[in-house]
Amino acid sequence: MSTIKTAVVSMIIVCAITLAGCSKDASSTEQEVPFVMVTQPSGAHADQKSYAGDVQARQQTALAFRVGGQVVERYVDVGDQVRVGQVLARLDVKDAELQKASNRAQLESAQSALKTAEDELKRFQQLLPINAVSRSQYDAVENQYKNAQAALKQAQSAYDVSSNQTQYNQLTANKNGVITERNIEVGQVIAAGQPAYQLAINGEREVVIGVPEQAITEIKAGQSAKVTLWSKPDQQFDAYVREISPAADQSRTYSVKVALREGQALIQLGQSARVFFSHIQQGQLNVPLASVSAQGQQAYVLTVTSDNTVHKTPVTLGAYGRDSVPVLGGLKANDYVVIGGVHLLREKQKIRPIDRENRPVTIQAGG
């Protein structure tokens, strides 16, 4: 009996060990099935593009002398605040003063000639009624008087012009603002109308960017935008497209002026900025960037079937966006794709699909 009893006990122990091993293997197999986040392709794609630019004044003007000459003094430089009527620079006035003196002498000569012609005409007006002079003699004296009047007007105009030119030898600011550019030096001889300073008028600010020709059709006047400064990357300012250049420059980009709706007091002229535009594209399937991988030259995503296994699905992709990419072919709207860790999974591997909130996902047949 003891031998039989010993044999029975041994069999019970072996069975218990076998059952324990099976239970452990089953538990280990269950733990090896990973939880994987999945999602369905989105039908709306938010595409965000950005362009670098710099802050400029909405209104700017070039300041220039109305006459030519040699610069003898300049009082402001780049970055200086100026007021209306403030003198910015002066030209040498010697030549202008000499011309004014010459025109003054001609004016006085014309005044004297007119006085003589006027006295002569009065004398002939007294002699004509008594026939002491002929009618032709009277007409000649009268014409001399009219010529003297015209000569005086001409001399007066020339004198007024020379007087103005002596005043034009000083350049004054026509608006309140900031000097953003200086193009003259003391001793330089400049021509009339040659820009001496660039003045940024106080007031609204805007960001000027260059948009390549292949993207200019996506931007419209009045379109909303966001602006960030390199010095304050975490702060965004509301803005809108105010003006789009009708022609490209030599770099084949179009100048776009983006006006700021807020933050005028915080933004300084010349600061570097970046403008962001968002475009929503409807009717096109999009998946997160983390869903896409590639084997060789072929892009693919991992789709999940109703039995919770993953399969490589080749796809055709569009232009990559900031967070997602459009799928042009190879995927259906009701497919489920793995969001992340695509390279860690293998073909036909079993998974436990969950959504972004860690809730279990039930995938229907054909989904």
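- Geometrically, Arg182 does not engage Tyr197 in a cation-pi contact defined by less than 6.0 Å to the ring centre and at most 45° from the axis.
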Could you go through the side-chain hydrogen bond (donor to acceptor under 3.5 Å, both in side chains) check for Asp54 and Gln56 one step at a time? CA-CA 6 Å; Asp54 60 288; Gln56 298 183 8; 3.2 Å; yes
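- In terms of the side-chain hydrogen bond (donor to acceptor under 3.5 Å, both in side chains) criterion, Tyr51 has no residue partners (sequence neighbours excluded).
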Val301 vs Val338, test: side-chain contact (heavy atoms from CB on, under 4.5 Å). Steps then yes/no. CA-CA 7 Å; Val301 297; Val338 175; over 6 Å; no
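- No salt bridge links Lys350 with Glu32; every basic N to acidic carboxylate O contact stays at or beyond 4.0 Å.
- With respect to Arg123 and Asp119, no salt bridge is recorded, no charged nitrogen being found less than 4.0 Å from a carboxylate O.
- The pair Lys115-Glu118 does not meet the salt-bridge criterion, since no charged nitrogen lies less than 4.0 angstrom from a carboxylate oxygen.
- Looking at Asn286 and Ser324, their side chains never bring a donor and an acceptor atom within 3.5 Å of each other.
- Minimum interatomic distance between Ser224 and Arg261 (heavy atoms only, all atoms of both residues): OG-NH1, 4.0 Å.
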Given side-chain contact (heavy atoms from CB on, under 4.5 Å), test Leu114 with Tyr145 step by step and report yes or no. CA-CA 6 Å; Leu114 178 61; Tyr145 173 74; 3.7 Å; yes
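- A donor-acceptor contact under 3.5 angstrom links the side chains of Ser50 and Arg274, judged on distance only.
- For Lys175, the NZ atom sits in a loose shell: 12 or fewer heavy atoms of surrounding residues, nucleotides or ligands are nearer than 6.0 Å.
- Remark: side-chain polar atoms of Ser157 are paired, donor with acceptor, to backbone N or O of Lys153 under 3.5 angstrom.
- Side-chain atoms of His311 and Thr309 form a donor-acceptor pair, as typed in the model, at a separation below 3.5 Å.
- Inspection of the Gln298 and Tyr300 side chains reveals no N or O donor paired with an N or O acceptor under 3.5 Å.
- Closest approach of Leu91 and Val67 over heavy atoms only: CD1-O, 3.5 Å.
- Shown here are the side chain to side chain contact (heavy atoms under 4.5 Å, CB included) partners of Thr180, two or more places apart in sequence or in another chain: Gln60, Gln198, Ala200, Leu269.
- Side-chain contact check for Arg90 and Tyr75: at least one donor-acceptor pair (N or O, by modelled atom type) lies under 3.5 Å.
- Under a 3.5 Å cut-off, the side chain of Asn176 and the backbone N or O of Val84 do form a donor-acceptor pair.
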Assess whether side-chain hydrogen bond (donor to acceptor under 3.5 Å, both in side chains) is satisfied between Lys312 and Gln295, documenting all intermediate values. CA-CA 10 Å; Lys312 285 185 179 180; Gln295 187 171 9; 3.1 Å; yes
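- Side-chain N or O atoms of Ser102 include none that pairs as donor or acceptor with a backbone N or O of Leu98 at under 3.5 Å.
- Counting only residues at least two apart or in different chains, salt bridge (charged side-chain N to carboxylate O under 4.0 Å, His left out) contacts with residues 56-65 comprise Arg58-Glu204.
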Please step through side-chain contact (heavy atoms from CB on, under 4.5 Å) for the pair Ile267 and Phe237, ending with a clear verdict. CA-CA 10 Å; Ile267 299 176; Phe237 303 95; 4.2 Å; yes
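- Taking the charged nitrogens against the carboxylate oxygens, Asp335 and Lys332 do have a contact shorter than 4.0 Å, which makes a salt bridge.
- The closest side-chain donor-acceptor pair between Asn147 and Gln149, if any, does not fall under 3.5 angstrom.
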